[in-house]
Amino acid sequence: MMSLTSAPGSRPLRRAVTPVGRQTESPVVELNVGGEFYTTTLGTLRKLPGSKLAEMFSSSAKACLDAEGRFFIDRCGTYFGPILEYLRSGQLPTQHIPEVYREAQFYEIKPLIKLLEDMPQIFGEQVARKQFLLQVPGYSENLELMVRLARAEAVAARCSSVLVCLVQNEKDDANCADALRSLEADKRSVVKFGPWKAALDIRDLLDCMNMDIEAQGYQVRYSHNSPLPAKVSDYFYTFSFSWW
């Protein structure tokens, strides 16, 4: 939160700024966004009332200044430029769309957020794939469990594996019950996904799991080489993690 006047005892600004509420036109404002420097106007920053960015530069906001008297925002400055260009002229970014989308969400630039969500890069990830995965109960929690199990088995080993059971409906769940009990008796850990109500493509789900684990920095691949009897093997997949 920022004020357009210096806080008591702070270093004075190096430029004259007309007091808020008295200016006939927007004063020039210098910004330091995470070490990147920008020059714009107060009117541009306040262009969308209700946004977090406009609130930062409201008349009642508290100043945060750098050593040179520039208004400081503690965010990555690389992707602030496209935010500023959108506010100035409505221009949409053509590069680094996911990163700009993240910053637009932080600053609560709602019209830009909506426009970015219509772009293929964001629509595919935030709309299509996200809605796909929301149909799988406990997806994120199960993914986290897979990683924990893989790490627990990785001591002094180059690879570790996690067995996964995918059951689409109650019938599949019943078919796997005996196999799951047998694995539990053998102290073999299994992460079970499902059942779920939607008609999901299993291969798409497996690819999503692989993609999301790799996004965390792990090397992983899955295979369909279950050691279980043929009548239930179709429900089980092995995810192999490589550590070095």
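- Using a 4.5 Å heavy-atom threshold, the side chains of His224 and Asp234 count as touching.
- For the atom pair Leu206 CG and Tyr237 OH, the distance stands at 5.5 Å (nearest 0.5 Å).
- Between Arg88 and Lys47, the shortest heavy-atom contact is O-NZ, 3.8 Å.
- One finds the CG atom of Leu84 at 4.5 Å from the OG1 atom of Thr40 (value rounded to the nearest 0.5 Å).
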Side chain to side chain contact (heavy atoms under 4.5 Å, CB included) evaluation trace for Phe80 with Glu36: CA-CA 9 Å; Phe80 185 75; Glu36 299 280 344; over 6 Å; no
Report the C-alpha separation of Glu117 and Tyr101 in whole Å, then their side-chain angles, then the decisive distance to 0.1 Å, and conclude whether the side-chain hydrogen bond (donor to acceptor under 3.5 Å, both in side chains) test is met. CA-CA 8 Å; Glu117 286 178 343; Tyr101 177 71; 2.6 Å; yes
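- You'll find the side chain of Val191 stays beyond 4.5 Å of the side chain of Leu163, heavy atoms only.
- Side-chain contact between Val167 and Phe193 is absent, with no heavy atoms from C-beta onward closer than 4.5 Å.
- Closest non-hydrogen pair, Val220 versus Glu214, comes out as O-OE2, 3.4 Å.
- Closest heavy-atom contact between Ile122 and Pro98: CD1-CA, 3.7 Å.
- Between Cys159 and Phe241 the shortest side-chain heavy-atom distance does not fall below 4.5 Å.
- With rounding to the nearest 0.5 angstrom, the CE atom of Met146 is 10.5 Å from the OG atom of Ser161.
- Partner of Tyr222 under the side-chain contact (heavy atoms from CB on, under 4.5 Å) criterion, out of Ile213, Val164, Val162, Asp207: Asp207 alone.
- Judged by distance alone, the side chain of Asp118 and the main-chain N or O of Phe123 form no donor-acceptor pair under 3.5 Å.
- Relative to the six-membered ring of Phe106, Arg75 meets both conditions, a distance below 6.0 Å and an angle of at most 45° to the axis.
- Residues Asp212 and Leu133 have side chains in contact (heavy-atom distance under 4.5 Å, counting atoms from C-beta outward).
- Taking 4.5 Å as the limit, some side-chain heavy atom of Pro111 sits within range of a side-chain heavy atom of Tyr86.
- Closest non-hydrogen pair, Ser51 versus Ala54, comes out as OG-N, 3.1 Å.
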Verify side chain to side chain contact (heavy atoms under 4.5 Å, CB included) between Val29 and Leu31, making sure each step is shown before the conclusion. CA-CA 6 Å; Val29 178; Leu31 304 174; 3.7 Å; yes
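- When only modelled atom types and interatomic distance are considered, Arg151 and Tyr218 share a side-chain donor-acceptor pair under 3.5 Å.
- For the pair Arg158 and Trp244, the cation-pi criterion (under 6.0 Å, within 45° of the ring axis) is fulfilled.
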Does Glu144 form a side chain to side chain contact (heavy atoms under 4.5 Å, CB included) with Glu141? I'd like the steps, not just the answer. CA-CA 5 Å; Glu144 183 180 340; Glu141 294 81 358; 5.6 Å; no
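- Taking each heavy atom of Phe236 and Cys176 in turn, the nearest pair found is CE1-SG, 4.3 Å.
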So Arg46 and Leu42, side chain to side chain contact (heavy atoms under 4.5 Å, CB included) or not? Walk me through it. CA-CA 6 Å; Arg46 288 180 173 177; Leu42 180 60; 3.5 Å; yes
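- Gln121 has its side chain out of reach of Leu116: every pair of non-hydrogen atoms, C-beta onward, lies at least 4.5 Å apart.
- For the pair Ser182 (side chain) and Asp178 (backbone), a donor-acceptor distance under 3.5 Å is absent.
- The pair Arg129-Asp204 fails the salt-bridge criterion, with no side-chain N (NZ, NE, NH1 or NH2) lying under 4.0 Å from an Asp/Glu carboxylate O.
- Taken to the nearest 0.5 Å, the CG atom of Leu48 stands 13.5 Å off from the CD atom of Glu55.
- With Asn169 contributing its side chain and Lys171 its backbone, the two residues share a donor-acceptor pair below 3.5 Å.
- The line from SG of Cys64 to CG of Asp74 is 7.5 Å long, rounded to the nearest 0.5 Å.
- Because its NZ or CZ atom is not both nearer than 6.0 Å to the ring centre of Phe239 and within 45° of the ring axis, Arg221 does not count as a cation-pi partner of that residue.
- There is no side-chain donor-acceptor pair under 3.5 Å between Gln168 and Tyr235.
- The minimum heavy-atom distance linking Ala150 with Trp243 is given by the pair O-CZ2, 3.6 Å.
- A donor-acceptor pair is defined here as one N or O able to donate and one able to accept, closer than 3.5 Å; no such pair exists between the side chain of Ser160 and the backbone of Glu153.
- A salt bridge does not link Glu99 with Arg102: none of the charged nitrogens is closer than 4.0 Å to a carboxylate oxygen.
- The side-chain heavy atoms of Met56 and Tyr107, taken from C-beta on, include a pair separated by under 4.5 Å.
- Asn32 and Tyr38 form no side-chain donor-acceptor contact under 3.5 Å, judged by distance and modelled atom types alone.
- Interatomic distance, CG of Leu166 versus CZ of Arg203, reported as 10.0 Å (0.5 Å rounding).
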